[in-house]
Q: 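The structure's right below; bear with me while I get my questions together.
Note that the structure is a prediction, hence the values are computed from the model and not measured. In what follows, every heavy atom counts, from backbone to side chain, and hydrogens, waters and symmetry copies are set aside. In what follows, chains are A, B, ... by sequence order, proteins preceding strands, each numbered from 1.
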Amino acid sequence: MTDPKRYLVTSALPYANGLKHVGHLAGAYIPADIYVRYLRAQKRDVVFVCGSDEHGTAIPIQATKEGTTPRAIIDKYHQAMKQDFEDLSMSFDIYHRTSEPIHHETAQEFFTYLNDRNELEIKESEQYYDEEAKTFLADRYIKGTCPNCGSDRAYGDQCENCGRTLSPDELINPVSTLSGKAPVKKRTSHWYLPLGKHEEFLREWILKEHKEDWRATVVGQCKSWIEGGLQSRAVTRDLDWGIKVPLKDAEGKVLYVWFDAPIGYVSATKQWAINNKKDWKPYWYDKDTKLVHFIGKDNIVFHCIIFPIMLKLHGNILPDNVPANEFLNLEGDKMSTSRNWKLDMRDYINDFVKKENGGGQCVDMLRYYLTQIAPETKDSEFTWKGFQDAVNSELVSIFGNFVNRTWVLMHKLCGGKVPILHTEILDENDKILNAEIEGSKAKVETLLEQYKFREALYEVIDLSRKGNQYMQKKEPWIAAKQLAANPDMQKNIDNTMHLCLQLTANLAILINPFLPNTAKSMLNMMKVVDKMLDWENAGKLKLLSIGYSLREPQLLFRKIEDAEITEQIEKLKAGLMKSEAGVQKPADEPPTSNLKSQIQYDDFAKLDLKVATITAAEKVPKADKLLKLEVDLGFEKRTIVSGIALHFKPEDIIGKQVVIVANLAPRKMKGIESNGMILMAEEKDGQLKFINPGEPTTNGSPVS
RNA sequence: CGCGAAGUAGAGCAGCGGUAGCUCGUUGGGCUCAUAACCCAAAGGUCGGGAGUUCGAUCCUCCCCUUCGCAACCA
């Protein structure tokens, strides 16, 4: 779409059941924020909406897990996510939530509109029903034996043991997790959106019209779904958490979360309009509105297939583009909430932004690195070393350093003021630099319009690199030494510094969408107002007036120290260990007879169990969980490293008698050799307790 | 299984018909205004494997191998 009248930009609504990590940030939020800031700098009419997605079965499940109510869960995570986005300089015009009445009304109106026009089908099916709880059971609420591996940890949607995808009907001996009783089959009816009816439209719209301008990964995914045959999808569920189906005979039914969530973009726009006394309708109905959804690749089907069908049936405009990103891996492995292998936005905020040497510059460092490695065409990888390299060698050494040396030299050689430009002696280098400055605007612009954020950012950094090259060729510090012999050299110095200063002003404009906090610091150094950042000023060479005095330099970025990244990597690994310990005993599991397979006496006899007394204990440095213990076996003392630091203080356990496995092969942990293992009982909440003889016993006594 | 995306220098990534580029890292040199920063240069790749189309293929076609995703939650 060329020259639209207005823009509506959305970022995927984050699901309110937990904190979000940097993968989310890189995928759907930072690119959208860059795009929006760029449009605003161009004085375009743009609204940027987002908000929390607060319905669906996972919310009540999370509530059970945390021992609280669904309402408390969504309030907690809505607040947390909103705060985190704010801390990372996301510039939403509104951060809404789907629990608001205006959203319920909007979603219900959507449903009614479609239903009244017979665009939905009603189908009857048999679903499991819990007679005691008087409710139909979501797949996730039914537990049973896996038909594949025989584990009793299989749910109606998937087996936790073998990972196989299941349907509730496949479970052997299904049990309701609500009442613990066997559920019965009961007939129920649901509304379905027949996607198949719209196949031709999708083929035309995506595979033909947008074949070229949408990302290959997006078109490819859509093609895969369309050709795979589009099934009707239920838009309602039997659940008591969500938006009530607005019909008399639909007691106990709510809209399926995937149906109401994208409508959240519409209700957020409405709320924004109310807050700002604007009309929301053109943003969703006028053909001259450019709608852009920023999402991750998992969301492609909703934003490219299902929601567009809903929008089309409802008479709304369709997205102009859906620049979905692939996934971001972390230190060689997929990010995963359940395995705790992730970097939460909040953790970064606490460890960097909120520190004394943090603040806006640390926000921009993360924004920089995540943009630089954004998974635009394929999965990419976040590594702490990569983060450090990007910050130290590009932000600090190239960009920050260019600005700094310009400022320092300007103060030393030009009296702290913008020097005159002597046009009569401009040389080849000056002219080339001018052309580079003028050319960058168009380059960055074109790339941003194509959603190539990584490349666009590269162009900006590259412009500062060209500034460094230019300065190196002109060597004003050498010219300064020749001043005594040749006072005319001042003219050379003036020209060089004048151009470097104008270049800095340009850099501020160009970097602003990506690193807004940095742009702000630069404005402060230049003593100019925000208006200078207007995009139309990019490429201009008269942004700073001659004779204007400028502030002292301030460093734009600090370096990331080795110790900081080492600490982060260790923290990540410690978190993984914690979660793996947790997986063995999920908190919500009732006591079960988790018996291991039978062994013979000989197997048991191989174990050498002995009574021992802990004589010394200390924390292992740089390890959250480990304690280094010394135990007395009577006949010898030995060192055992044990992963119990989260449960016991070293000073509290000295003198305790324990049972150890004395013939376990030695193993090095954190460089300390551990000779044996202390036996522990584990409560279902993960709490650990020592196994010891009921009364004091001689150290070294065998246990059998 | 099938479908989609991807496999390119030590690392992270571009490119996509005319025998390969960028950033970091490495090595050597220059400069010293600058956050031991900057600048220049060099080394380093049979572009996953095989076959085909073409005057010519990393880029097109086919086969194979590997990784990721595919309407549970999840960017």
Q: Rounded to the Å, how far apart are A/Leu370 CG and B/rC13 C1'?
A: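 About 15 Å, once rounded to whole Å.
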Q: In terms of side-chain heavy atoms of A/Glu381, which of B/rU35, B/rC13, B/rC33 is nearest?
A: B/rC13
Q: Does A/Phe327 have A/Lys297 sitting over its ring (NZ/CZ under 6.0 Å from centre, angle to axis within 45°)?
A: yes
Q: So which protein N/O to nucleotides 25-30 of chain B N/O distances come out below 3.5 Å?
A:
from	atom 1	to	atom 2	distance (Å)
B/rG30	N2	A/Gln472	NE2	3.2

Q: Would you mind reading off the distance between A/Lys223 atom NZ and B/rA71 atom P, rounded to a whole angstrom?
A: 20 Å
Q: When you check the gap from the basic side-chain N to the acidic O, do A/Asp427 and A/Lys474 get nearer than 4.0 Å?
A: yes
Q: According to a strict under-4.0 Å criterion, is A/Lys559 in side-chain N/O contact with OP1 or OP2 of B/rA37?
A: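 It does, given that an N or O in the side chain of A/Lys559 lies less than 4.0 Å from OP1 or OP2 of B/rA37.
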Q: Taking the minimum atom-to-atom distance to the side chain of A/Ile398, which one of B/rG69, B/rA71, B/rC24 wins?
A: B/rC24
Q: For A/Val396, which contact category applies under a 4.0 Å heavy-atom criterion: base, sugar-phosphate, or nothing?
A: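 Contact class for A/Val396: base.
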Q: Does A/Lys211 NZ have over 12 foreign heavy atoms under 6.0 Å away?
A: no
Q: Using a heavy-atom cut-off of 4.0 Å across all strands, would you classify A/Asn17 as base, sugar-phosphate, or nothing?
A: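 Sugar-phosphate, backbone atoms only, no base.
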Q: Considering every strand and a 4.0 Å limit on heavy-atom distances, what is the contact class for A/Ile461: base, sugar-phosphate, or nothing?
A: nothing
Q: Less than 4.0 Å between a side-chain N and a carboxylate O, is that true for A/Lys76 and A/Glu66?
A: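 Yes, A/Glu66 and A/Lys76 are salt-bridged.
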Q: CD of A/Glu376 versus C1' of B/rC68: gap in Å, rounded?
A: 18 Å
Q: Return the value, rounded to whole Å, for the distance between atom CD1 of A/Ile565 and atom C1' of B/rC24.
A: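 A/Ile565 atom CD1 is separated from B/rC24 atom C1' by 13 Å.
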Q: Indicate whether OP1 or OP2 belonging to B/rA14 is found under 4.0 Å from a side-chain N or O atom of A/Lys378.
A: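 Checking B/rA14 against A/Lys378, a side-chain N or O does come within under 4.0 Å of OP1 or OP2.
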Q: Which part of the nucleic acid, if any, lies within contact of A/Ser380, taking any heavy atom under 4.0 Å across all strands shown: a base, the sugar-phosphate backbone alone, or nothing?
A: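 Result for A/Ser380 = sugar-phosphate.
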Q: Base, sugar-phosphate, or nothing for A/Leu555, non-hydrogen atoms under 4.0 angstrom?
A: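 Base, at least one base heavy atom under 4.0 Å.
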Q: Taking for each residue the nucleotide of RNA chain B bearing the nearest heavy atom, is the 5' side occupied by A/Thr377 or by A/Ala28?
A: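 Here A/Thr377 is the residue nearer the 5' end.
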Q: Are there more than 12 heavy atoms of other residues, nucleotides or ligands under 6.0 Å from atom NZ of A/Lys443?
A: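 Counting neighbours around NZ of A/Lys443, more than 12 heavy atoms of other residues, nucleotides or ligands fall under 6.0 Å, so yes.
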Q: When the distance from CD1 of A/Ile300 to P of B/rC70 is rounded to whole Å, what number comes out?
A: 11 Å
Q: Heavy atoms from C-beta onward define the side chain here; which of B/rA5, B/rU23, B/rC38 lies closest to that of A/Arg465?
A: B/rU23
Q: Regarding A/Gly386, tell me which of base, sugar-phosphate or nothing describes its non-hydrogen contacts under 4.0 Å with the strands shown.
A: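 No contact.
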Q: Could you check which nucleotide pairs with B/rC31 in any of the strands shown, counting Watson-Crick or G-U wobble with both distances under 3.5 Å?
A: none
Q: Respond yes when some side-chain nitrogen or oxygen of A/Lys385 is under 4.0 Å from OP1 or OP2 of B/rC24, and no when none is.
A: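 Indeed not, no polar side-chain atom of A/Lys385 lies that close.
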Q: Give one of base, sugar-phosphate or nothing for A/Asn401, where a contact means two heavy atoms less than 4.0 Å apart.
A: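 It contacts base atoms.
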Q: Write down the distance between CZ (A/Arg405) and C1' (B/rU35), rounded to a whole number of angstrom.
A: 12 Å
Q: Kindly point out which of B/rU35, B/rC68, B/rC74 is positioned nearest to the side chain of A/Lys334?
A: B/rC68
Q: Taking the side chain of A/Ile478 as its heavy atoms from C-beta onward, which of B/rU32, B/rG69, B/rC38 lies nearest to it?
A: B/rU32
Q: Less than 4.0 Å between a side-chain N and a carboxylate O, is that true for A/Asp84 and A/Lys82?
A: no
Q: Ring centroid separation for A/His293 and A/Tyr265, is it under 6.0 angstrom?
A: yes
Q: In whole Å, I'd like the distance from the OH atom of A/Tyr256 to the C1' atom of B/rC73.
A: 11 Å
Q: So which nucleotide from B/rA71, B/rC13, B/rA34 ends up closest to the side chain of A/Asn404?
A: B/rA34
Q: Does A/Gln469 make a side-chain N or O approach to OP1 or OP2 of B/rC40 shorter than 4.0 Å?
A: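 A/Gln469 to B/rC40 OP1/OP2: side-chain N or O found under 4.0 Å.
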Q: Remember a base hit wins even if backbone is also touched, and classify A/Tyr15 as base, sugar-phosphate or nothing at under 4.0 Å, heavy atoms.
A: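 Sugar-phosphate, backbone atoms only, no base.
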Q: Salt bridge or not between A/Asp33 and A/Arg367? Use side-chain N to carboxylate O under 4.0 Å.
A: yes
Q: If you compare every side-chain N and O of A/Arg454 against the phosphate oxygens of B/rA14 (OP1, OP2), does one of them come in below 4.0 Å?
A: yes
Q: Nearest to the side chain of A/Asp298 - B/rC74, B/rA5, B/rU35?
A: B/rC74
Q: Tell me whether the count of non-hydrogen atoms from other residues, nucleotides or ligands lying under 6.0 Å of NZ in A/Lys466 goes above 12.
A: yes
Q: What nucleic acid atoms does A/Tyr458 come within less than 4.0 Å of, heavy atoms only: base, sugar-phosphate, or nothing?
A: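 Sugar-phosphate contact only - A/Tyr458 comes under 4.0 Å of backbone atoms but never of a base.
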Q: Which residue, A/Glu394 or A/Pro14, contacts RNA chain B at a nucleotide closer to its 5' end, judged by nearest heavy atom?
A: A/Glu394
Q: So, is A/Ser224 near the phosphate of B/rC70, with a side-chain N or O under 4.0 Å from OP1 or OP2?
A: no
Q: Inspect the contact between A/Lys197 and A/Glu121 and indicate whether a charged nitrogen and a carboxylate oxygen are less than 4.0 angstrom apart.
A: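 No salt bridge links A/Glu121 with A/Lys197.
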